[in-house]
Amino acid sequence: RPRVLSGIQPTAGSFHLGNYLGAVRQWVALQQTHDAFYMVVDLHAITVPQDPKELRANTRLAAAQLLAAGLDPDRCTLFVQSHVPEHAQLGWVMNCLTGFGEASRMTQFKDKSSKQGTDSTTVGLFTYPILQVADILLYQANAVPVGEDQRQHLELTRDLANRFNTRYAPTFTVPDPYIVKETAKIVDLQEPTIKMSKSASSPKGIVNLLDEPKASAKKIKSAVTDADTVIRFDEKEKPGVSNLLTIYCALTGTGITELEQAYEGKGYGALKTDLAERFVEWVTPFRERTHEYLGDPETLDAVLAKGAQKARAVAAETLAAAYENIGLLPAK
Ligand code: TYM
């Protein structure tokens, strides 16, 4: 079976609809056809300040949400990044292979650091994409299911894999991005030109999966559309309406054309009300399952322990090969 790997940050509160539709939904599907490794990237989270207690709680919360979304520990390997020390170890190796200018061109870093100013921006945030490279290469992943915002990091991953393989010896599989075009960029409900995101969206623009469903329904119903009333998919001219259609299709499996036809002559209000209803139907059991997993931390921790063990076996083998090919003296 081909292998996939992906990761998600343990954010405070909950995942948002963009995380789910852009990435996690694909993770669930891919565990049927691929040898799948999925992780909660706590080492990536500490590139910005974190409260220790909250970080621990958010890491469990992330794992609980992934299980609630449909990851099955019997079909995939679910683990926490810091439980597998090889990530930090290969991360260092990749740091030594990356050009400073190359790292400086990462747009996510530029966006994030420009908001913070250089004194509160850590070097960890700067090298964040390089740790991500190590995450992926350790597992010899063939494909990496992510949203559009991760594309540049995957290009860096491919570049560094090729560079290492050429400079030393064939060691790493060069992975392909797995980006589902339709849902690769879910946009902000209030500002449909920017992506839905924890850091950039206003509270009304972002749908958090664990919020009170009624509150999320209200946000969907007050999403920004446009002055015209025609329900048509057109990302350039009608980004707000197109986003709602995308979300509707993804949650229900209905095609865009089918939806456009069904809503012909009806106003935006009808579309929004129906979408809000569909969302509540989907999210209600998701929230319940998340709370069930959270209510049983022993089982949750056992799943993560087993996942870490399986992940380490793979990661250790790759790291050993990389160390050897670089010429690091093996410990006797
Ligand atoms: P993170 O935690 O920011 O996001 C997790 C996943 O959600 C996707 N995503 C979106 N997709 C569509 N529309 C949106 N508005 C939206 N917002 C977020 C992201 O593209 C991502 O797939 N660097 C990664 C975590 C990471 C990783 C890895 C991923 C660390 N190591 C190795 C893959 C492989 C990140 O911060 O994702």
Side-chain angles (χ1 to χ4, degrees), residues 2-9 18-19 22-23 26-27 30 37-48 81-82 84-116 118 121-181 184-185 195 197 199-200 311 314-315 318-319 321-323 325-326:
R3 187 171 283 164
V4 289
L5 170 127
S6 200
I8 190 160
Q9 296 204 50
N19 295 138
Q26 278 67 256
W27 300 11
L30 287 165
F37 288 77
Y38 301 125
M39 63 180 164
V40 180
V41 295
D42 54 349
L43 295 174
H44 277 97
I46 61 168
T47 53
V48 295
Q81 187 183 30
S82 65
V84 181
E86 285 80 2
H87 290 258
Q89 293 175 287
L90 188 66
W92 175 254
V93 170
M94 291 299 148
N95 265 291
C96 297
L97 216 64
T98 310
F100 189 82
E102 189 175 32
S104 310
R105 286 192 287 276
M106 295 294 121
T107 54
Q108 276 219 330
F109 172 76
K110 287 196 245 176
D111 291 348
K112 287 188 185 168
S113 59
S114 66
K115 277 180 216 132
Q116 295 175 345
T118 44
T121 298
T122 67
V123 175
L125 191 66
F126 182 67
T127 58
Y128 175 116
I130 305 171
L131 179 59
Q132 183 168 348
V133 170
D135 294 342
I136 298 167
L137 298 185
L138 271 179
Y139 297 91
Q140 309 286 8
N142 302 98
V144 185
V146 287
E148 182 61 40
D149 60 353
Q150 299 299 312
R151 190 182 286 281
Q152 197 188 26
H153 294 169
L154 291 189
E155 277 161 17
L156 179 69
T157 307
R158 292 174 57 87
D159 288 346
L160 291 180
N162 281 318
R163 192 172 305 160
F164 190 104
N165 290 347
T166 317
R167 187 170 301 177
Y168 299 110
T171 309
F172 299 115
T173 303
V174 182
D176 286 313
Y178 183 97
I179 299 176
V180 175
K181 195 170 112 261
K185 187 181 172 192
K195 69 170 180 182
S197 100
S199 51
V314 178
T318 309
L319 182 75
Y323 271 19
N325 291 338
I326 294 167

Take L131 and T47, measure what side-chain contact (heavy atoms from CB on, under 4.5 Å) needs, and give me the verdict at the end. CA-CA 11 Å; L131 179 59; T47 53; over 6 Å; no
Can you check side-chain contact (heavy atoms from CB on, under 4.5 Å) on T318 and E86, steps first, answer last? CA-CA 9 Å; T318 309; E86 285 80 2; over 6 Å; no
In sequence, state the C-alpha distance, the side-chain angles, and the governing distance for V4 and Y178, and then conclude on side-chain contact (heavy atoms from CB on, under 4.5 Å). CA-CA 9 Å; V4 289; Y178 183 97; 5.9 Å; no
Using the side-chain contact (heavy atoms from CB on, under 4.5 Å) rule, take L90 and F172 through it: C-alpha gap first, then chi angles, then the decisive distance, then the call. CA-CA 12 Å; L90 188 66; F172 299 115; 4.0 Å; yes
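Here R167 contributes atom CZ and N162 contributes atom CG; the two are 12.0 Å apart, rounded to the nearest 0.5 Å. Here R158 contributes atom CZ and R163 contributes atom CZ; the two are 13.5 Å apart, rounded to the nearest 0.5 Å. The structure places OG1 of T173 at 12.0 Å from CG of L5, a figure rounded to the nearest 0.5 Å. To the nearest 0.5 Å, the span separating NE2 on H87 from CE on M94 amounts to 12.5 Å. Going from atom CE of M106 over to atom CD of Q152 covers 4.0 Å, rounded to the nearest 0.5 Å. Here I130 contributes atom CD1 and L156 contributes atom CG; the two are 6.5 Å apart, rounded to the nearest 0.5 Å.
Applying the salt bridge (Lys or Arg N to Asp or Glu O under 4.0 Å) definition to pairs two or more places apart or across chains, none involves residues 122-134. Applying the salt bridge (Lys or Arg N to Asp or Glu O under 4.0 Å) test to residues at least two apart or on different chains, none of the pairs has a partner in residues 121-134. Pairs passing the salt bridge (Lys or Arg N to Asp or Glu O under 4.0 Å) check and including a residue from residues 121-145, sequence neighbours excluded, do not occur. Every pair passing salt bridge (Lys or Arg N to Asp or Glu O under 4.0 Å) that includes a residue from residues 136-148 is listed here, sequence neighbours excluded: E148-R151.
Pairing each heavy atom of A134 with each of G91, the nearest pair is CB-N, 3.5 Å. Counting all heavy atoms, side chain and backbone alike, V180 lies closest to Q26 at CG2-CG, 3.5 Å. The two residues T122 and L125 have their closest heavy-atom pair at OG1-N, 2.9 Å. When all heavy atoms of H44 and Q132 are compared, the closest pair comes out as NE2-N, 3.4 Å. Nearest heavy atom pair, residue A161 against residue L137, reads CB-CD2, 3.7 Å. Between A141 and P175, the shortest heavy-atom contact is O-CB, 3.3 Å.
Taking F37 as the reference, Y139 meet the ring-ring contact (aromatic ring centres under 6.0 Å, His included) condition, with sequence neighbours excluded. In terms of the side-chain hydrogen bond (donor to acceptor under 3.5 Å, both in side chains) criterion, Y323 has no residue partners (sequence neighbours excluded).
Annotation: side chain of Y38 is in contact with side chain of L30 (closest heavy-atom distance under 4.5 Å). Looking at I136 and L154, their side chains come closer than 4.5 Å, going by heavy atoms from C-beta outward.
Between the side chain of D176 and the main chain of A143, no donor-acceptor pair closer than 3.5 Å is present. Distance alone, capped at 3.5 Å, is enough to place a donor-acceptor pair between the S6 side chain and the P145 backbone.
Ring orientation note: the planes of Y128 and H153 are tilted relative to one another, at an angle of 30° to 60°. Between F126 and F100, the two ring planes are tilted [angle within 30° to 60°].
Using a 4.0 Å cut-off between a side-chain N of Lys or Arg and a carboxylate O of Asp or Glu, E155 and R105 do not qualify as a salt bridge.
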